[in-house]
2 protein chains.
Amino acid sequence: MGGKRGPFSCGLDAAVAVVGGKWKPLILWELHEGARRFGELRRSLSGISEKMLIQQLRELEADGIVHREVHREVPPRVEYSLTETGASLNKALLPLGDWGEEHMDHIRAVRGV
Amino acid sequence: MGGKRGPFSCGLDAAVAVVGGKWKPLILWELHEGARRFGELRRSLSGISEKMLIQQLRELEADGIVHREVHREVPPRVEYSLTETGASLNKALLPLGDWGEEHMDHIRAVRGV
DNA sequence: TGCAGTACTCACCAAAAGGTAAGTAATGGC
DNA sequence: GCCATTACTTACCTTTTGGTGAGTACTGCA
């Protein structure tokens, strides 16, 4: 879903193309309080594989949502943070997060999970 | 993505489980002005297959997002509309749609589509 | 009799997303 | 010399998602 998908039929379609998938919303959420290192993100997003994390971060970077900063040290330190565009996207996701919070029990019940 | 996936790590995760995928956001959008027939939806969502449309509608129905009403006529008439929960979800999606609208050109440019 | 229109349903296939496990590069400290 | 740490990278596989095309049930109407 993070893959290319072009001409969008509406704004929602475009936004979903950028933030869709299993991990991207969670990654954005993790970054909403400031920069995070690769390893920090991996530990926070329990269950994500390194491959997935990198892949999603690269796509978000390509879409101008996150900024990647490499500190040339050993061991290496790479920090990811939201760009301004990313921060605005995160803000636009807040109501959806609230909705989910509010209806989580209902959804869980309906799906039997 | 519409498939079962639980326990959610946060509200956003739960919301994405309900509204994720290629078509669901667009279906919700189509319903935001009122009830629509199956055929109307198929024509509006250009490119969707009948199988996908039904599948997504069934999942949304199971999640309590849309209501399905069958009118016993010939030829048959089935109308889909948002439940109250669905309407609130749609509302929560508005900022995301606005964000997409605003950044669509940027995204298209970055992806070369 | 048979065709039109509507809303599905099914079997099968292709593509995309996601997961696993192993390997790499760089260097400071023991 | 060798191990630890960090941030990847690669190859391979499974699961999920999405697409195609044909078929079904119902009944009014020509």
Side-chain angles (χ1 to χ4, degrees), chain A residues 1-6 8-9 13 16-27 30-31 35-63 66-81 111 113, chain B residues 1-6 8-9 13 16-27 30-31 35-63 66-81 111 113:
Chain A
M1 178 154 290
K4 315 224 169 192
R5 241 178 67 208
F8 308 117
S9 55
D13 202 14
V16 167
V18 170
V19 86
K22 186 171 170 185
W23 297 110
K24 283 181 184 171
L26 305 178
I27 292 173
E30 275 304 315
L31 294 177
R36 288 272 180 282
R37 301 181 57 167
F38 180 84
E40 289 180 314
L41 286 173
R42 190 192 10 163
R43 282 186 290 276
S44 301
L45 304 165
S46 63
I48 197 171
S49 64
E50 301 197 330
K51 178 195 126 186
M52 267 293 127
L53 180 52
I54 271 261
Q55 197 174 96
Q56 307 299 299
L57 284 170
R58 290 279 147 87
E59 287 177 12
L60 289 170
E61 193 192 357
D63 282 340
V66 311
H67 170 73
R68 176 168 178 269
E69 191 150 10
V70 183
H71 302 264
R72 305 209 144 279
E73 309 166 358
V74 168
R77 182 159 62 96
V78 181
E79 290 193 319
Y80 294 90
S81 55
R111 302 190 167 206
V113 284
Chain B
M1 179 151 287
K4 314 222 171 193
R5 237 180 70 209
F8 309 116
S9 55
D13 203 14
V16 167
V18 170
V19 85
K22 186 170 169 185
W23 297 110
K24 283 181 185 173
L26 304 178
I27 292 174
E30 275 303 316
L31 294 177
R36 288 271 179 282
R37 300 182 58 168
F38 179 83
E40 287 179 314
L41 287 173
R42 189 193 12 165
R43 281 184 294 274
S44 302
L45 304 166
S46 63
I48 197 172
S49 63
E50 300 198 330
K51 177 194 127 189
M52 267 293 128
L53 180 51
I54 269 263
Q55 197 175 96
Q56 306 300 299
L57 284 171
R58 289 278 147 87
E59 286 177 14
L60 289 170
E61 193 190 357
D63 283 339
V66 310
H67 170 73
R68 176 168 178 271
E69 191 151 10
V70 183
H71 302 263
R72 307 209 142 278
E73 308 168 358
V74 169
R77 182 159 61 100
V78 181
E79 289 193 319
Y80 294 90
S81 55
R111 302 191 167 205
V113 285

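Owing to the predicted nature of the structure, the values given are computational and were not obtained by experimental measurement. Values reported hereafter were calculated over all heavy atoms of this structure, with side chains retained and with hydrogens, waters and symmetry mates removed. In what follows, chains carry the letters A, B, and so on, assigned in the order in which the sequence lines appear, proteins first and then strands, with residues in each chain numbered from 1.
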So do the side chains of A:Arg36 and A:Val66 get within less than 4.5 Å of each other, counting heavy atoms only?
no
For a quick test of reading the model, state the closest non-hydrogen atom pair linking A:Ala17 to A:Phe8 and the distance between them.
CB-CE2, 3.7 Å
By salt bridge (charged side-chain N to carboxylate O under 4.0 Å, His left out) - contacts of A:Glu40 (at least two apart)
none
Heavy atoms under 4.0 Å, any strand shown: does B:Arg68 hit a base, just sugar-phosphate, or nothing?
sugar-phosphate
Rounded distance in Å - CD (A:Gln55) to P (D:dA11)
14 Å
Rounded to whole Å, please give me the gap between CD1 in A:Ile54 and C1' in D:dC8.
5 Å
Considering all heavy atoms, the nearest B:Val19-B:Lys24 contact
O-CB, 3.6 Å
Rounding to an integer number of Å, can you tell me how far B:Glu73 CD sits from D:dA25 C1'?
16 Å
Minimum heavy-atom distance A:Val18-A:Leu60, with the two atoms named:
O-CD2, 4.0 Å
Length of the CD-P vector between A:Glu40 and D:dC8, whole Å
13 Å
Would you sort out whether B:Leu26 and B:Glu30 count as a side chain to side chain contact (heavy atoms under 4.5 Å, CB included), showing the intermediate values?
CA-CA 6 Å; B:Leu26 304 178; B:Glu30 275 303 316; 5.9 Å; no
Between protein and nucleic acid, restricted to nucleotides 4-6 of chain D and to nitrogen or oxygen atoms under 3.5 Å apart, what atom pairs and distances do you find?
unit_1	atom_1	unit_2	atom_2	d
D:dT6	O3'	A:Arg37	NH2	3.1
D:dT6	O3'	A:Pro76	O	2.9

For nucleotides 19-22 of chain C, which of its nitrogen or oxygen atoms have a protein nitrogen or oxygen under 3.5 Å away, and what is each distance?
unit_1	atom_1	unit_2	atom_2	d
C:dG19	OP1	A:Lys22	NZ	2.5
C:dG19	OP2	A:Trp23	NE1	3.3
C:dG19	N7	A:Lys51	NZ	2.9
C:dG19	O6	A:Lys51	NZ	2.2

Note: B:Ile48 and B:Met52 closest approach over all heavy atoms is CG1-CB, 3.7 Å
Step by step, work out the side chain to side chain contact (heavy atoms under 4.5 Å, CB included) result for B:Leu57 and B:Phe38.
CA-CA 9 Å; B:Leu57 284 171; B:Phe38 179 83; 4.2 Å; yes
Would you indicate, yes or no, if C:dT27 has its OP1 or OP2 atom less than 4.0 angstrom from a side-chain nitrogen or oxygen of A:Arg72?
no
Can you tell me how far C1' of C:dA26 sits from NE2 of A:His71, to the nearest Å?
17 Å
